[in-house]
Amino acid sequence: MAKDIASRVNDYSQWYNDLVIKGGLADYSSVRGCMVIKPYGYAIWEHMRDALDKMFKDTGHVNAYFPLLIPKSFLSKEASHVDGFAKECAVVTHYRLKNSADGKSVIVDPDAKLEEELIIRPTSETIIWNSYKNWIQSYRDLPILINQWANVVRWEMRTRLFLRTAEFLWQEGHTAHATASEAIAETEKMLDVYATFAEEFMALPVIRGKKSANERFAGALDTYCIEAMMQDGQALQAGTSHFLGQNFAKAFDVQFLNKEGKQEYVWASSWGVSTRLIGALIMAHSDDDGLVLPPKLAPLQVVIVPIAKGEEEMKKLFEKCEPLMQELKAKGISVKFDDDDTKRPGFKFAEHELKGVPVRLAMGMRDYEAGTVEVARRDTKEKSSQPFNGVAGYIENLLKEIQQNIFNKAKAFRDSHIRQVNSWEDFLKQIEAPGFISAHWDGTPETEEKIKELTKATIRCIPLDNKQENGTCVFSGKPSKERVIFARAY
RNA sequence: CGGGGUGUAGCGCAGCCCGGUUAGCGCACCUGCUUUGGGAGCAGGGGGUCCCAAGUUCGAAUCUUGGUACCCCGACCA
């Protein structure tokens, strides 16, 4: 049992907070709801960003950057968009400070009031579509496939590190197309990119689905999502992709001349994932000893802990390990020789476990003499003694195995916590247990609203690969042709 | 915005009810020595506007009033 970390069963929220803080991923800041992402946490984000960025480029997208500040009037051009975001916008009203009369503090200069107030972007559809208007005249200008890496601000009532912060980092793709089907195809393609990323890099199994009308993005015709299950059985939306129809094109009057010489509004998509993924990563895999990170995203994949009496032994061990480190680095594996002599080996073992380093090697003089090395894997905590010669190949395979194992483990957990429910009575009982519920729904927002009110569970998604089967709504008893996923969510 | 709670060293807390030496404990930190195969031991040391302001008093971390910040529960939330 790790020191100073709450256990998952006793206090899941505290356990999560402990891992974020004690694992060195992030810190609270002096601004309410905002966090400091520390180097170790940021390194995970960099790995996520690099992998996703490559996938975006490989699917034909380019990066650009649009302003942080958006004229207030832009937000109100799309009716449902403003409804969705108005309540959580930070607003810039002045552009200058000055010294107070007594000279002791700085105050907002009342003479420096902005003509038009600016909002800090909660998302960038409006400012981007205002630009697209100038960029698009003809079908030859389409499609536009742009992504931006940025920060956004949403003034949330209640925040949690990584999962819901007032400011967060994300990417937002904004594409413009000549036809609806092309925009829908783009929306689906990017959902697929997210699902692939989640499963292959994060080792996080996800359900691809569509949102119900209630849960749809403000301004979208359709919202697609990937939903993941955390270890407490709650759902977490890990990524979204929206088919925006012509809503923003109409709001910003973006028309193009098609091949037939007719003016037509442009079709759009937008899609994003955020630093919330780091929260998902933590809650999906970690245990009571600390973080468990998938090798593909771990800032450090292999750590070597030497066990030495005195400098001379330390030097011997380092010289023995150096060729191995070169060999690992040549394979693209990150490795560190932890020769900090102010900490003892036992402390280091616990520390690297807390930080989720996938593979730990330990070597003392006994191993040195015997030509062996102790290899410990973080995911199962199994230790074994391996011949030192050829251990690089063993480690390379082990990393792959760990990546696969934590995915399998998460998938087995999820699959065993999805329950089919066919009666309201059973629904009320089952929703109290961790996990997802698969049940028939009559398709009305009223029913969904009522269920949410009574149970706090929402429709997470209508799975894309859903089996079509006739049934009756678990709440209203009306006919339904497919099951949807209900859960309590982050 | 409603209900509850908490602000004392970097972190976690005691002291407050019942005012009175130099504000204390654990962890962390620094120095030295001994240690090193699962969170080391001993010795020495540094660090405080006791959230802020006003008041009561010979005297306030402690009592009174006002303010403020944060946390939890609710409301809210892609």
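We name chains A, B, ... by the order of the sequence lines, and we start the count at 1 in each one. In this text, all values refer to a predicted model and were calculated from it rather than measured experimentally.
- Nearest approach of A:Q301 to A:P358, heavy atoms of both residues: O-CD, 3.4 Å.
- To the nearest 0.5 angstrom, A:K189 atom NZ is 9.5 Å from A:W271 atom CH2.
- The number of heavy atoms from other shown groups lying within 6.0 Å of NZ (A:K77) is above 12.
- For A:R366, the side-chain atoms get nearest to B:rG37 when compared with the rest of B:rC77, B:rG37, B:rG38.
- With both ends at atom P, the span from B:rG4 to B:rC50 equals 29 Å, rounded to whole Å.
- The separation between A:I307 atom CD1 and B:rG39 atom P is 12 Å, rounded to whole Å.
- For the pair A:D338 CG and B:rG39 C1', the computed distance is 14 Å after rounding to whole Å.
- Minimum atom distance to the side chain of A:E351 is reached by B:rG39, of the listed B:rG39, B:rG38, B:rG37.
- Counting to the nearest Å, the C1' atom of B:rU34 and the CD atom of A:E311 are 16 Å from each other.
- Among the nucleotides B:rG39, B:rG37, B:rC76, the one closest to the side chain of A:K87 is B:rC76.
- Judged by distance alone, with hydrogens and angles left aside, A:R154 brings no side-chain donor or acceptor close enough to the base of B:rC77 to form a pair under 3.5 Å.
- Ring geometry for A:F197 versus A:F201: interplanar angle under 30°, hence parallel rather than tilted (30 to 60°).
- A cation-pi arrangement is present between A:K355 and A:Y40 under the rule of less than 6.0 angstrom and at most 45 degrees off the ring axis.
- Classified by interplanar angle (parallel below 30°, tilted 30° to 60°, perpendicular above 60°), the ring pair A:F168/A:W170 is perpendicular.
- The number of heavy atoms from other shown groups lying within 6.0 Å of NZ (A:K316) does not exceed 12.
- Paired runs in RNA chain B that reach 3 or more consecutive Watson-Crick or G-U pairs, where each pair keeps both distances under 3.5 Å, cover B:1-7 with B:68-74, B:10-13 with B:24-27, B:29-34 with B:40-45, B:51-55 with B:63-67.
- Dashed line: the shortest gap from a side-chain N or O of A:R344 to OP1 or OP2 of B:rG37 is under 4.0 Å.
- Here B:rC76 is the nucleotide among B:rG38, B:rG37, B:rC76 with the atom lying nearest to any side-chain atom of A:M157.
- Atom CZ in A:F347 sits roughly 12 Å away from atom C1' in B:rC27 (whole-Å rounding).
- Counting distance only, with no hydrogens placed and no angle test, the side-chain atoms of A:E353 and the base atoms of B:rG38 include a donor-acceptor pair under 3.5 Å.
- Contact annotation for A:E313: no contact, since no heavy-atom pair falls under 4.0 Å across all strands.
- B:rC77 and B:rC17: their C1' atoms are spaced 42 Å apart (whole Å).
- Contacts between residues 445-462 of chain A and RNA chain B, defined by a heavy-atom separation below 4.0 Å, involve A:K456, listed by number.
- Comparing the P positions of B:rA61 and B:rU49 gives a spacing of 13 Å, expressed to the nearest Å.
- Annotation: of the two residues near RNA chain B, A:Y490 and A:A376, the 5′-most nearest-nucleotide partner is A:A376.
- You'll find the side chain of A:Q386 stays beyond 4.5 Å of the side chain of A:L361, heavy atoms only.
- When distances run from any side-chain atom of A:D367 to the nucleotides B:rG37, B:rG38, B:rC77, the shortest one goes to B:rG37.
- None of A:R360, A:K383, A:R378 except one satisfies the salt bridge (Lys or Arg N to Asp or Glu O under 4.0 Å) rule with A:E353; the exception is A:R360.
- In this entry the distance linking CD of A:E312 with P of B:rU36 reads 16 Å, nearest Å.
- Nucleotides B:rA60 and B:rG74 have their P atoms positioned 43 Å apart, rounded to a whole Å.
- Although no hydrogens or angles enter the test, the distance criterion places a donor-acceptor pair under 3.5 Å between the side chain of A:S241 and the main chain of A:T187.
- Comparing B:rG5 with B:rA43, their C1' atoms sit 42 Å apart, to the nearest whole Å.
- If you find the closest nucleotide of RNA chain B to A:D341 and to A:K348, the one lying nearer the 5' end belongs to A:D341.
- Rounded to the nearest Å, the gap between the P atom of B:rG3 and that of B:rU57 is 34 Å.
- The separation of B:rG38 from B:rG44, taken at their C1' atoms, amounts to 29 Å, rounded to a whole angstrom.
- A donor N or O paired with an acceptor N or O is not found under 3.5 Å between the base of B:rG37 and the side-chain atoms of A:K383.
- Base engagement by A:G310 is indicated by at least one non-hydrogen atom pair under 4.0 Å involving a base atom.
- Between A:F56 and A:Y194, the two ring planes are perpendicular [angle over 60°; tilted spans 30° to 60°].
- The nearest whole Å value for the distance from the CD atom in A:E215 to the P atom in B:rC76 is 13 Å.
- The main-chain N or O of A:S124 is found under 3.5 Å from a side-chain atom of A:E172 such that the two form a donor-acceptor pair.
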Distances under 3.5 Å between nitrogen or oxygen atoms of protein and nucleotides 3-10 of chain B:
none

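- With C1' as the reference atom, B:rA28 and B:rU64 are 38 Å apart, rounded to whole Å.
- Regarding A:I5, its CD1 atom lies at a distance of 16 Å from the P atom of B:rG12, rounded to whole Å.
- The interatomic distance linking A:E88 (CD) with B:rC76 (C1') rounds to 9 Å, in whole Å.
- In summary, the aromatic rings of A:F74 and A:F252 are positioned with their centroids under 6.0 Å apart.
- Residue A:T223 forms a side chain to side chain donor-acceptor pair (under 3.5 Å) with just one option from A:R216, A:H242, A:K211, and that option is A:H242.
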